[in-house]
Amino acid sequence: MSDFVSSFWSYFIGVIALGGIAFCVWLLFSQRAWLKQGVKQVEDTGHVWDGDLTELNNPVPRWWTVMYLGLCVIALAILFLYPGVGSYKGKLEYTAAKQVKAEQVALNERIKPVFERYQKMPITEVAHDADAREIGQRLFLNNCAQCHGSDARGSGSFPNLADGDWLYGGEPEQILQTITKGRHGMMPPWSSQIKPAEAADIAQYVRSLSGLASDPLRVVPGKRGFDTFCVACHGAEGKGNTALGAPNLTDGIWLYGSSEATIVETILNGRQNVMPAQEGLLTEDQIRMLAAWVWGLSNQSANVAAQ
Ligand code: HEC
Ligand code: HEC
């Protein structure tokens, strides 16, 4: 309720909720023939069906009246304890989000023993354990496959996690850090300092770094531009920097593509790419299982051991 800017809807809902109960009580009161029970004679209403089926105006039984009022009291009690009257949070301050959280905590408590076996094991060892790899794969399919693909081979700007090529490093600690805290890859835009023609030359040089077809005449000025603007992050040889997530430009592996047009677009407009932090979404145990599984993808010994 607190999402609304004005409190109008809060009152609107409050009036409907409480007004509804008040209406029910009033309705009973307005039909209070039961009060005069014994005084008033039972009359027929003049409605007759099937020849002899006569409708009488008997008052409702007392037990029914008591039940009816009892239900109104229960309704008021529920509105007092739980949210229901506009933005009033209820005495118990219940929310569905809190309930989900509590269920999650209980579930994590229940599956804790499964993870306990792996807590003291180094990640590289967990990666060699067949059961652990199965758990890791399931976690990956549930939490990561929507971006990295069910085979972890990525697509488009979502990196392949199985090719042994790393933006942020492939040591267990680096993978743990990536998953726990997330990453924000940022290549700044250069359109204010680099003209499109110059960017095209630099793109030719970048293509030459991984042995792609390039124009030798344009590679020379291109290298000059690269040395001025790009080496700070991508390194003098273009081999990248895992501390910044600057990709290696010499390995023939591309997040965005290797055509001149794509590279020019990267240079002029920059690129932003976010790996969302899993801290708070997954437990530390789950993140370790994932890191082990991901590490195992590009470390043959773990793959072989698990088969
Ligand atoms: C919303 C999409 C998304 C989800 C979900 C996601 N990732 Fe990522 N991940 C990315 C992007 C995008 C990058 C690249 C970031 C960059 O370029 O700076 C990345 C990068 C990574 C890297 C670093 C790769 C490298 O080369 O250094 C690892 C490891 C990784 N993700 C693992 C995971 C795991 C494990 C999960 C599941 C818990 C996961 N990701 C879930 C989008 C996602
Ligand atoms: C401040 C650091 C920084 C500088 C300076 C920088 N880059 Fe980048 N570059 C990055 C990062 C980080 C990425 C990865 C972005 C991502 O994760 O999406 C990137 C990505 C790229 C890509 C995409 C690679 C792929 O796999 O598709 C190319 C090409 C590139 N840079 C070329 C250049 C060129 C050419 C220059 C000089 C004009 C340059 N960069 C300057 C940080 C930098």
Side-chain angles (χ1 to χ4, degrees), residues 136-149 152 154-191 193-195 198-210 212 222-235 238 240-279 281-283 286-295 297-298:
Q137 180 171 31
R138 267 201 298 278
L139 285 168
F140 190 87
L141 290 175
N142 284 334
N143 299 288
C144 324
Q146 70 269 40
C147 289
H148 292 285
S155 74
S157 61
F158 301 114
N160 183 337
L161 304 178
D163 59 1
D165 177 61
W166 299 96
L167 293 164
Y168 298 95
E171 292 305 316
E173 283 311 311
Q174 293 166 311
I175 299 175
L176 261 185
Q177 176 79 5
T178 298
I179 303 173
T180 310
K181 300 282 181 194
R183 299 283 191 183
H184 186 173
M186 214 203 62
M187 153 104 185
W190 292 98
S191 53
Q193 289 165 70
I194 300 179
K195 293 196 183 59
E198 196 182 348
D201 290 346
I202 298 176
Q204 286 296 316
Y205 173 68
V206 169
R207 281 173 59 84
S208 78
L209 290 174
S210 53
L212 293 170
K223 181 177 184 338
R224 270 200 300 277
F226 190 89
D227 289 344
T228 312
F229 299 111
C230 319
V231 293
C233 297
H234 290 282
N241 182 340
T242 52
L244 300 166
N248 182 343
L249 300 175
T250 67
D251 59 6
I253 294 172
W254 301 90
L255 275 176
Y256 301 102
S258 61
S259 71
E260 182 184 300
T262 306
I263 299 174
V264 167
E265 191 187 323
T266 300
I267 297 172
L268 296 180
N269 301 332
R271 297 280 184 188
Q272 299 253 12
N273 218 10
V274 174
M275 158 72 203
Q278 302 298 310
E279 199 177 32
L281 301 174
L282 299 172
T283 65
Q286 289 173 317
I287 290 175
R288 284 188 91 240
M289 301 307 262
L290 277 165
W293 188 75
V294 169
W295 180 86
L297 291 175
S298 51

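Order of listing sets the numbers, starting from 1, for every ligand and every atom in it.
- Here Met187 meets the criterion, with an N, O or S atom under 2.8 Å of atom 8 (Fe) of ligand 2.
- For the atom pair CG (Leu209) and NZ (Lys223), the distance works out to 9.0 Å, reported to the nearest 0.5 Å.
- Atom 26 (O) of ligand 1 has as its closest protein heavy atom Leu167 N, 2.7 Å.
- Residue Gly185 has at least one heavy-atom neighbour below 4.0 Å for each of these atoms of ligand 1: 18 (O).
- Shown here for Glu265 and Arg271, the closest heavy-atom pair between the two residues is OE2-NH1, 3.9 Å.
- Under 4.0 angstrom from ligand 1, the non-hydrogen atoms of Cys144 come from both its backbone and its side chain.
- Applying the 4.0 Å criterion to heavy atoms of Ile267 picks out, from ligand 2, the atoms 35 (C), 38 (C).
- Remark: ligand 1 atoms within the under-4.0 Å shell around heavy atoms of Ile179 are 35 (C).
- Ranking protein heavy atoms by distance to atom 22 (C) of ligand 2, first place goes to Thr266 CG2, 3.6 Å.
- The nearest protein atom to atom 32 (C) of ligand 2, hydrogens excluded, is given as His234 NE2, 3.8 Å; this is a heavy-atom distance.
- By the 4.5 Å heavy-atom criterion applied to side chains, Asn143 and Leu282 are counted as neighbours.
- At a heavy-atom distance under 4.0 Å, only backbone atoms of Leu244 (N, CA, C or O) approach ligand 2.
- By the 3.5 Å distance cut-off applied to N or O atoms, Tyr168 is not counted among the residues near ligand 2.
- The nearest heavy-atom contact from the protein to atom 23 (C) of ligand 2 is Tyr256 CD1, 3.9 Å.
- Heavy-atom contacts of Gln278 reach the following atoms of ligand 1: 38 (C) (cutoff under 4.0 Å).
- Gln146 CD: more than 12 foreign heavy atoms inside a 6.0 Å radius.
- Counting heavy atoms from C-beta on, the side chains of His234 and Met187 come closer than 4.5 Å.
- Listed by atom number, the atoms of ligand 2 under 4.0 Å from Ile202 heavy atoms are 35 (C).
- Within the 4.0 Å heavy-atom criterion, the part of Pro276 lying near ligand 1 is the side chain and not the backbone.
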Applying side chain to side chain contact (heavy atoms under 4.5 Å, CB included) to Met275 and Thr178, what does each step give before you reach the verdict?
CA-CA 8 Å; Met275 158 72 203; Thr178 298; 4.0 Å; yes
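- Among protein heavy atoms, the minimum distance from atom 13 (C) of ligand 2 is reached at Pro247 CD, 3.2 Å.
- Protein heavy atom in closest approach to atom 1 (C) of ligand 2: Cys233 SG, 2.7 Å.
- For atom 41 (C) of ligand 1, the choice among Arg271, Met275, Arg183 with the nearest heavy atom turns out to be Met275.
- Residue Leu290 holds its CG atom at 15.5 Å from CH2 of Trp295, rounded to the nearest 0.5 Å.
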Verdict with reasoning, Gln137 to Trp293, per side chain to side chain contact (heavy atoms under 4.5 Å, CB included):
CA-CA 7 Å; Gln137 180 171 31; Trp293 188 75; 3.5 Å; yes
I would like to know whether Ile253 and Asp163 meet side chain to side chain contact (heavy atoms under 4.5 Å, CB included); could you show each step before the answer?
CA-CA 9 Å; Ile253 294 172; Asp163 59 1; 3.6 Å; yes
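- Of all atoms in ligand 2, listed by their number and element, those nearer than 4.0 Å to a heavy atom of Met186 are 11 (C), 12 (C), 42 (C).
- Close contacts of ligand 2 with Asn273, meaning ligand atoms under 4.0 Å from a residue heavy atom, involve 16 (C), 17 (O), 18 (O).
- The nearest pair of heavy atoms linking Ala203 to Glu260 is CB-CG, 3.9 Å.
- Residues Glu198 and Phe229 are in side-chain contact: their nearest non-hydrogen atoms beyond the backbone lie under 4.5 Å apart.
- When every heavy atom of Phe140 is checked against every heavy atom of Ala152, the shortest pair comes out as CZ-CB, 3.6 Å.
- Looking at atom 24 (C) of ligand 1, its nearest protein heavy atom turns out to be Leu161 CD2, 3.7 Å.
- Residue contacts with ligand 2 include Pro188, since one of its heavy atoms falls under 4.0 Å from the ligand.
- For atom 3 (C) of ligand 1, the nearest non-hydrogen atom of the protein is Cys147 SG, 2.7 Å.
- Each of the following atoms of ligand 1 lies closer than 4.0 Å to a heavy atom of Pro159: 11 (C), 13 (C), 14 (C), 19 (C), 20 (C).
- Expressed to the nearest 0.5 Å, how far CD1 of Ile263 lies from CG of Leu212 amounts to 7.5 Å.
- Using a 4.5 Å cut-off on side-chain heavy atoms (C-beta onward), Thr266 and Val206 make no contact.
- Here Gln146 has side-chain heavy atoms under 4.0 Å from ligand 1, and that is the only part of it that gets that close.
- Annotation for ligand 1: atoms under 4.0 Å from non-hydrogen atoms of Asn143 are 5 (C), 37 (C).
- Tested against Ile194 for a side-chain contact (heavy atoms from CB on, under 4.5 Å), the candidates Val264, Ile202, Asp201 yield a single pass: Ile202.
- Ranking protein heavy atoms by distance to atom 11 (C) of ligand 1, first place goes to Val274 O, 3.6 Å.
- Residue Leu290 has at least one heavy-atom neighbour below 4.0 Å for each of these atoms of ligand 1: 38 (C).
- Polar contact with ligand 1: present for His148 (N/O pair, distance under 3.5 Å).
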With side chain to side chain contact (heavy atoms under 4.5 Å, CB included) as the criterion, how do Asn273 and Tyr256 come out once you've worked through the C-alpha distance, each side chain's angles and the decisive distance to 0.1 Å?
CA-CA 11 Å; Asn273 218 10; Tyr256 301 102; 3.5 Å; yes
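- Contacts between Leu255 and ligand 2 below 4.0 angstrom, taking non-hydrogen atoms only, involve backbone and side chain alike.
- At a cut-off of 2.8 Å, Thr178 does not coordinate atom 8 (Fe) of ligand 1 through any N, O or S atom.
- The CH2 atom of Trp166 lies 10.0 Å from the CD atom of Glu171; values are rounded to the nearest 0.5 Å.
- Cys230 SG, 2.7 Å is the protein heavy atom nearest to atom 38 (C) of ligand 2.
- In this structure, Ile267 CD1 and Thr262 OG1 are separated by 11.0 Å, a value rounded to the nearest 0.5 Å.
- Contact annotation: Gly245 has at least one heavy atom less than 4.0 Å from an atom of ligand 2.
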